[in-house]
Amino acid sequence: MQILGICGSLRKASLNMAALRACNELLPQGMSLRITSIADLPMFNQDVFDAGLPEPVKKLRSEITEADGVLIASPEYNFSLSAALKNAIDWSSRPPNQSWQDKPVAVFSASGGPLGGARVQYDIRRILGQLWAHVLPRPEVFIGGAQGKVDAQGKITDEATRKFLTDLLAGFGPWITRMKK
Ligand SMILES: Cc1cc2nc3c(=O)[nH]c(=O)nc-3n(C[C@H](O)[C@H](O)[C@H](O)COP(=O)(O)O)c2cc1C
């Protein structure tokens, strides 16, 4: 199973990106993860869309379409999605051939705050649900106080966090199989 990783934070020292990279070591057998970048996407503009998709948009849309599943690591900005992640979803959501149709998705969030991005995940689920993506309902993984749990090299330094992410990835495989039936 080929999983596409998308991180909603653009910053170099992103805790979400560090945790997403760390997932590479936690994947169950038969699953591989490739992380893409959403940093080069222009801001969504329907006129630009209609005139012809910019290359980074084409690339992202085909990466999502081709992946067996998408793993999203998201920060919480003002109780919701980062503009970067919403923009990436908007570009990939427009017909024809919107990229999220029937796509299995798993989500986790990491935040410096104590709730670990609990609120952003419900917005992501709501947005992707109406695009007919299938977001894994459980386990929910919120990495709160993430500075002390993931280091800059993308290593998880907290055992509970390692277990939560391992369980999420272990649940994602059967979810992909089930959603493809
Ligand atoms: C514009 C902005 C809004 C934020 N709002 C929230 C928030 O609503 N909840 C929260 O837990 N953290 C919030 N934070 C703090 C982020 O959780 C923290 O910066 C986190 O490290 C961002 O993820 P990253 O490390 O992957 O970049 C906010 C940060 C920014 C820049």
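Computed from a predicted model, the values in this text were never measured in an experiment. Atoms within each ligand, like the ligands themselves, are counted from 1 in listed order.
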* To do: Find out if a path of hydrophobic residues (ILVMFWY) with successive side-chain heavy-atom gaps under 4.5 Å connects Met31 to Leu136.
  => yes
Gap between atom [atom2] of [Y] and atom [atom1] of [X] - 0.5 Å precision:
| X | Y | atom1 | atom2 | result |
| --- | --- | --- | --- | --- |
| Asp50 | Asn45 | CG | CG | 8.5 Å |
| Leu165 | Ile156 | CG | CD1 | 5.0 Å |
| Leu115 | Phe142 | CG | CZ | 9.0 Å |

* Angle class for the Phe49/Phe44 ring planes (parallel below 30°, perpendicular above 60°, tilted otherwise)? -> tilted
* **Ser92: which of Asn97, Ile64, Val70 passes side chain to side chain contact (heavy atoms under 4.5 Å, CB included)** => Ile64
* To do: Could you pull out every protein residue that has a heavy atom closer than 4.0 Å to ligand 1, ordered by chain and then number?
  => Ser9, Arg11, Ser14, Leu15, Asn16, Pro75, Glu76, Tyr77, Asn78, Phe79, Ser111, Gly112, Arg119
